[in-house]
Undergrad: 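I have a structure here, written as structure tokens, and I will follow up with some questions on it.
We number each residue from 1, following the sequence as shown.
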Amino acid sequence: MTEIEDRLAIYDLIARYAVLVDAGEFDALTELFTPDAVINFSAFSGPVGDPATIKEFLASTLPMFARTQHMMGLPLVNLAGDTATARTSCTNPMVMSHGDDKTGVWLIGLWYDDEFRRTSDGWRFTARNQVRCYSVTGLTDTPLSAT
């Protein structure tokens with residue numbers, strides 16, 4: 001059962017990251033990472049840094065979007081005792097309202113290459129690296145709606 005429990009805990013950690021980012025709950029991200037974690041968002045011109053650096057980056061850049069949706073694929077997890085790695089695909093549409101009932105969308109596709117460590121508080125990210133797949137932008141006449 002331990003292997004299944006470990007995999008489910010890592011799947012939950014990856015999903016929790018996406019939910020927290022899309023909800024703008026950046027301070028809660030601290031619970032997901034080890035203090036010495038290194039996060040590399042340079043694939044889309046973001047920073048490389050520790051969890052505090054990345055939280056500051058997300059908090060300063062993501063509010064420009066009316067909506068984001070990190071749609072995470074099923075992770076491929078490799079367990080090795082108290083450490084693990086995973087590769088997870090992500091499709092992330094980010095929507096901006098341009099007024100005049102126009103909506104801009106920046107759609108990015110990427111993989112997250114992650115490293116994890118089992119801690120006394122459970123599994124935590126020790127590294128998170130974005131690997132670019134594609135990026136598409138567009139403007140539509142469809143107004144942004146809450147439904």
Side-chain angles (χ1 to χ4, degrees), residues 1-97 103-140 142 144-147:
M1 286 301 287
T2 301
E3 181 178 341
I4 293 170
E5 292 169 346
D6 288 343
R7 287 182 186 282
L8 289 175
I10 291 169
Y11 293 167
D12 184 69
L13 188 64
I14 292 167
R16 189 171 308 281
Y17 172 88
V19 168
L20 291 174
V21 169
D22 290 334
E25 296 179 24
F26 307 118
D27 286 337
L29 292 173
T30 301
E31 301 170 13
L32 308 183
F33 291 88
T34 61
D36 62 342
V38 176
I39 304 148
N40 184 341
F41 285 176
S42 63
F44 292 95
S45 302
V48 176
D50 61 10
T53 300
I54 298 306
K55 284 187 337 184
E56 182 179 316
F57 167 73
L58 293 172
S60 68
T61 58
L62 289 187
M64 77 174 77
F65 298 101
R67 294 238 181 7
T68 64
Q69 186 180 38
H70 288 73
M71 296 181 286
M72 308 301 287
L74 187 61
L76 177 60
V77 175
N78 297 298
L79 295 167
D82 289 336
T83 63
T85 61
R87 176 166 255 213
T88 309
S89 62
C90 176
T91 302
N92 181 12
M94 296 181 285
V95 179
M96 294 179 75
S97 178
T103 304
V105 178
W106 182 27
L107 176 64
I108 62 174
L110 63 133
W111 293 277
Y112 282 108
D113 285 341
D114 297 316
E115 297 176 18
F116 308 92
R117 182 171 59 237
R118 186 193 322 266
T119 72
S120 59
D121 295 319
W123 286 94
R124 297 294 183 260
F125 289 99
T126 58
R128 173 149 260 215
N129 298 296
Q130 289 180 337
V131 178
R132 185 185 189 106
C133 182
Y134 63 86
S135 176
V136 180
T137 58
L139 189 64
T140 72
T142 304
L144 182 64
S145 72
T147 59

Undergrad: Without swapping roles, check the side chain of Arg124 against the backbone of Thr34 for a donor-acceptor pair under 3.5 Å.
TA: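 Answer holds: no.
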
Undergrad: Taking atom CD1 of Ile39 and atom CG of Asp50, what is their separation to the nearest 0.5 Å?
TA: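 The distance works out to 7.0 Å.
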
Undergrad: Is there a side-chain contact between Leu107 and Tyr134 (heavy atoms, below 4.5 Å)?
TA: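 In short, these two side chains touch, coming nearer than 4.5 Å.
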
Undergrad: Can you tell which of Ile14, Asn40, Val38 makes a side chain to side chain contact (heavy atoms under 4.5 Å, CB included) with Arg128?
TA: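 Among the candidates, only Ile14 passes.
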
Undergrad: Could you grab the distance from atom OG of Ser45 to atom CZ of Arg132, nearest 0.5 Å is fine?
TA: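 Interatomic distance, Ser45 OG to Arg132 CZ, rounded to 0.5 Å: 7.5 Å.
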
Undergrad: Minimum heavy-atom separation for Phe116 and Ala86, please, with both atom names.
TA: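 So the minimum-distance heavy-atom pair works out to CE1-CB, 3.6 Å.
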
Undergrad: Over all heavy atoms of both residues, which pair between Gly81 and Arg118 is shortest? Give the atoms and the distance, please.
TA: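 In terms of heavy atoms, the two residues are closest at O-NH2, 3.2 Å.
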
Undergrad: Give, for atom CH2 of Trp106 and atom CZ of Phe44, the distance between the pair rounded to the nearest 0.5 Å.
TA: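 Taking CH2 in Trp106 and CZ in Phe44, the distance rounds to 6.5 Å.
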
Undergrad: Calculate, to the nearest 0.5 Å, the distance between atoms CD and CG belonging to Glu115 and Asn78 respectively.
TA: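 So the CD of Glu115 and the CG of Asn78 are separated by 11.5 Å.
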
Undergrad: If I compare all heavy atoms of Gly46 with all of Phe57, which pair ends up nearest, and what's the gap?
TA: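 Nearest pair, atom of Gly46 first, then Phe57: CA-CZ, 3.9 Å.
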
Undergrad: Could you go through Val77 and Tyr11, starting from their C-alpha distance and side-chain angles, then the distance that decides it, and tell me whether this counts as side-chain contact (heavy atoms from CB on, under 4.5 Å)?
TA: CA-CA 9 Å; Val77 175; Tyr11 293 167; 3.6 Å; yes

Undergrad: Within this structure, what is the CZ-CH2 distance for the pair Arg117 and Trp123, rounded to the nearest 0.5 Å?
TA: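 These two atoms lie 10.0 Å from each other.
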
Undergrad: So with a 6.0 Å cut-off around CZ of Arg16, is the heavy-atom count from everything else above 12?
TA: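 Counting other residues, nucleotides and ligands, CZ of Arg16 stays at 12 neighbours or fewer.
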
Undergrad: Can you check whether Gly122's main-chain N or O pairs, donor with acceptor, with Thr119's side chain at less than 3.5 Å?
TA: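 Judged by distance alone, yes, a pair lies under 3.5 Å.
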
Undergrad: Using side-chain hydrogen bond (donor to acceptor under 3.5 Å, both in side chains) as the criterion, list what pairs up with Thr126, not counting sequence neighbours.
TA: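 Per chain and number, Thr126 pairs via side-chain hydrogen bond (donor to acceptor under 3.5 Å, both in side chains) with no residue.
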
Undergrad: Does any non-hydrogen side-chain atom of Val131 lie less than 4.5 Å from one of Arg87?
TA: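 The answer is yes, as the side chains (C-beta and beyond) meet within the 4.5 Å cut-off.
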
Undergrad: Are any non-hydrogen side-chain atoms of Phe41 and Leu58 less than 4.5 angstrom apart?
TA: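 Yes, close enough: below the 4.5 Å cut-off.
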
Undergrad: Is there a side-chain contact between Asp114 and Leu13 in this structure, where contact means two heavy atoms from C-beta onward sitting under 4.5 Å apart?
TA: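 No, every pair of side-chain atoms sits at 4.5 Å or beyond.
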
Undergrad: Apply the side chain to side chain contact (heavy atoms under 4.5 Å, CB included) test between His70 and each candidate in Leu110, Leu20, Val21; give the one that qualifies.
TA: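 That would be Val21; it is the only one of Leu110, Leu20, Val21 passing the side chain to side chain contact (heavy atoms under 4.5 Å, CB included) with His70.
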
Undergrad: With a 4.5 Å heavy-atom cut-off, do Pro75 and Arg7 have their side chains touching?
TA: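 In short, these two side chains do not touch, never coming nearer than 4.5 Å.
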
Undergrad: How many angstroms lie between CG in Asp113 and CG in Leu76, if you round to the nearest 0.5 Å?
TA: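 Rounded to the nearest 0.5 Å, the CG-CG separation comes out at 10.0 Å.
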
Undergrad: Mind checking whether Leu62 and Met94 have side chains closer than 4.5 Å, heavy atoms only?
TA: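 A side-chain contact under 4.5 Å exists here.
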
